[in-house]
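Heads up: the structure comes next, in structure tokens.
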Amino acid sequence: MSVFDPLLAAAPGVLTPMSILAMVLGTAMGLMVGAMPGLTVTTGIAVLIPFTFGLDPLVALGLMAGMYNGGSYGGAITAILLRVPGTPASVATVLDGYPLAQSGRAGYALQVAVVSGTIGSVLSALALILLAPPLARVSLLFGPAEYFWVAMFGLATVAVLLGDDPPKGLLSAALGLMLGTVGQDLITGAERYTFDILELVDGFSIVVLLTGLYALPPVFMMAEEAVRQGMPGSALRLRRAGSVLAEWRRFLPVWLRSSLIGIVVGVMPGAAGSITSLIAYNEAKRRSAEPESFGKGNPEGVAASEAGNGADNAAALVPALTLGIPGSGVAAVILGGLLVHGLRPGPQLFREAPEIVYGFMLQMLVTAMLLLLLGGLAATRLFGQVLRLPPVVLAPAIAVITAVGVFAVNNSVFDLGVLFAIGLVGYAMERLDYPTAPAVLGMLLGPMAEQQLRLALTIGLGDPAVLVANPASWAVIALTLLVLASPWLRRGKTVTS
């Protein structure tokens, strides 16, 4: 039996009116959740699951698939227009998306984001459909030692993101690593740097940190400048932005490379998420003929971030559906949704309920394509008008929305205090010209590197040789060394030319 037989059998269930309505509603809700600073797709799906108890499994999964794909692009809307990453995975989109919007090309930046995200999501869904069993075997090659090297590979990208002032970049990365050490040690249970504050036992919420670092500094700057006029409608150029597809030759290498990165990282259990867009962005910058233009409004940076972000969506479900091991936090929540409907993830799922699991795969593909319609036409024209508001009106609106979103994460007033404090730190970094991307990498990857290193050494009875015992480790080490050497290689090319 070929892979197309169960797909054809599942197609009628996916194309029922209720399933189609669920996919459309889920995508629309995902766009809204992703565009609200402080909220994440994980939160949205977690809130959604209780409302799906009485629904048919395919209808419930259609809602989840739509929210998953819609939320991945929704975060790019505020990242581009307001410099506020709606989700942690859209942090890299800020770097070039916001400068494009500031230069009057907001519509073009949004168009690049939605087309790139759609392409990444579609390719990821096709990988899920066609390659799930083989890719699941790849996941089995990775243990704690390999994940440690994956984290080190991500941290090595700091070498490329340091900008023109390496000491400032290194200090920024150190700040992120320091924030990542706060909380309870996951191996021993000991508390570190909590100062007997109960709210710090679980460490800082990454959503709160990222929102404070990226959402509040522009609010402070708007308040400082007190500009009373918004951007004129003609400057947005939402109608005359040109066609991204007409420039497909320029973007095709970025789309394919970033999508491949998203699929490969997504299939690794626990590695998907924010790291994917950052690695894809770094790789696009490293391979660009004009790397100095990244961070100043290069649309290829937006394309790389969003294609990588979209491509890890369905890929993260590969180990979740085939092995019961989630590739990301969202995939973990979706596993809970499957269990709620009596579906046990794992190899037996493909035997016991093939029409459901293959139907869900088709829904991931359909909602990825819906993203181009709903996100490209509706969301772009609706949210693009936000820039026409005067900054003196926009600043308090962003502050209120951000505060509400952050409070909703844990219902914690303490998080609001952390948000304001980190916002002040981010504002100071902006004024002193410190890059924030290295800090984000430190916050995301520092805890992962520490935990996986200690697990690997525990398994290996303290023998460091366990870190290089697997060929997969050597492959990731080689990639890390290549990234570390790229600044010197580029400098050598510059000197030679």
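Just so you know, these numbers come straight off a predicted model, no measurement behind them.
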For Ala304 and Ala284 the tightest heavy-atom approach is CB-CB, 3.5 Å

Trp149 side chain to Trp474 main-chain N or O, any donor-acceptor pair under 3.5 Å?
-> no

Side chains of Lys296 and Pro99: does their closest heavy-atom pair fall under 4.5 Å?
-> no

What's the spacing between Leu453 CG and Phe148 CZ if we round to 0.5 Å?
-> 4.5 Å

How would you list, by chain and number, every residue that makes a side chain to side chain donor-acceptor pair (under 3.5 Å) with Ser124, sequence neighbours excluded?
-> none

The side chain to side chain contact (heavy atoms under 4.5 Å, CB included) partner of Tyr281 among Thr93, Ile261, Asp96, Val91 is Asp96

Those residues that, when tested against Leu58, pass side chain to side chain contact (heavy atoms under 4.5 Å, CB included) (two or more places apart) | Asp56, Ile356, Gln363

Gap separating the CG atom of Leu362 from the CE atom of Met23, nearest 0.5 angstrom | 9.0 Å

Provide the full list of salt bridge (Lys or Arg N to Asp or Glu O under 4.0 Å) pairs with a residue in residues 439-450, sequence neighbours left out, each pair given once.
-> Arg192-Glu450, Glu450-Arg454

Partner set under side chain to side chain contact (heavy atoms under 4.5 Å, CB included) for Thr118, not counting sequence neighbours | Val114, Val122, Leu371, Leu372

Is any side-chain heavy atom of Met29 closer than 4.5 Å to a side-chain heavy atom of Leu63?
-> yes

Quick one: which residue pairs count as a salt bridge (Lys or Arg N to Asp or Glu O under 4.0 Å) with a foot in residues 200-209, not counting sequence neighbours?
-> none

Using side chain to side chain donor-acceptor pair (under 3.5 Å) as the criterion, list what pairs up with Ser473, not counting sequence neighbours.
-> Glu146

Please lay out, stage by stage, how Asn309 and Tyr73 fare under the test side-chain hydrogen bond (donor to acceptor under 3.5 Å, both in side chains).
-> CA-CA 8 Å; Asn309 182 22; Tyr73 166 66; over 6 Å; no

Worked verdict on Ser277 versus Glu306 for side-chain contact (heavy atoms from CB on, under 4.5 Å) | CA-CA 7 Å; Ser277 58; Glu306 287 304 306; over 6 Å; no

Sidechain-backbone polar pair: His341 side chain, Thr52 backbone, donor-acceptor under 3.5 Å = yes

All side chain to side chain donor-acceptor pair (under 3.5 Å) counterparts of Ser293, not counting sequence neighbours = Asn298

Considering all heavy atoms of both residues, which atom of Ser90 and which atom of Gly75 are nearest to each other, and what is their separation?
-> OG-O, 3.3 Å

May I ask you to decide if Val302's main-chain N or O and Ser305's side chain share a donor-acceptor pair within less than 3.5 Å?
-> no

Charged tip of Lys285 within 45° of Phe294 ring normal and under 6.0 Å = no

Should the pair Tyr193 and Phe195 be assigned to parallel (<30°), tilted (30 to 60°) or perpendicular (>60°) ring geometry?
-> tilted

side-chain contact (heavy atoms from CB on, under 4.5 Å) between Leu200 and Val182, intermediate numbers included | CA-CA 7 Å; Leu200 290 181; Val182 176; 4.3 Å; yes

Distance-only check: which donor-acceptor pairs under 3.5 Å involve side-chain atoms of residues 330-340, not counting sequence neighbours?
none

Name all residues meeting the side chain to side chain contact (heavy atoms under 4.5 Å, CB included) criterion together with Leu424; count only those two or more places apart in sequence or in a different chain, and write none if there are none.
-> Phe220, Phe420

Yes or no on side-chain contact (heavy atoms from CB on, under 4.5 Å) for Met64 and Ile49, after CA distance, side-chain angles and deciding distance?
-> CA-CA 8 Å; Met64 296 182 207; Ile49 286 175; 4.0 Å; yes

Can you tell me how far CG of Leu213 sits from CE of Met443, rounded to the nearest 0.5 angstrom?
-> 5.5 Å

Scanning both residues in full, the closest heavy-atom pair of Gly212 with Pro217 reads O-CD, 3.3 Å

Minimum heavy-atom separation for Ala403 to Leu419, with atom names?
-> CA-CD2, 4.2 Å

Kindly give the heavy-atom pair with the smallest separation between Leu7 and Tyr358, and that separation in Å.
-> CD2-CD2, 3.7 Å

How would you list all residue pairs meeting salt bridge (Lys or Arg N to Asp or Glu O under 4.0 Å) that involve residues 68-79, not counting sequence neighbours?
-> none

Can any side-chain N or O of Gln184 pair as donor or acceptor with the backbone N or O of Gly189 at less than 3.5 Å?
-> yes

Of Leu317, Thr27, Thr367, which is the lone residue that meets side chain to side chain contact (heavy atoms under 4.5 Å, CB included) with Tyr68?
-> Leu317

Of all heavy-atom pairs linking Ser72 and Val41, the shortest is N-CG2, 4.1 Å

Interatomic distance, CD1@Ile477 vs CG@Leu482, rounded to 0.5 Å, equals 13.5 Å

CD1 (Ile422) and CG (Leu179) are apart, to the nearest 0.5 Å, by 5.0 Å

Evaluate side-chain hydrogen bond (donor to acceptor under 3.5 Å, both in side chains) for Ser116 paired with Trp255, printing each intermediate quantity in order.
-> CA-CA 7 Å; Ser116 303; Trp255 288 333; 2.8 Å; yes

Could you list the residues that satisfy side chain to side chain contact (heavy atoms under 4.5 Å, CB included) with Pro447, not counting sequence neighbours?
-> none

Atom CD1 in Ile279, atom CD in Glu283: separation rounded to 0.5 Å?
-> 9.5 Å

Short question: side chain of Ser259, backbone of Leu256 - any donor-acceptor pair under 3.5 Å?
-> no

Is there a donor-acceptor pair under 3.5 Å between the side chain of Ser412 and the backbone N or O of Asp415?
-> yes

pair Phe360-Pro57: side-chain heavy atoms closer than 4.5 Å | no

Pair listing, salt bridge (Lys or Arg N to Asp or Glu O under 4.0 Å) test, anchored in residues 420-429, at least two apart | none

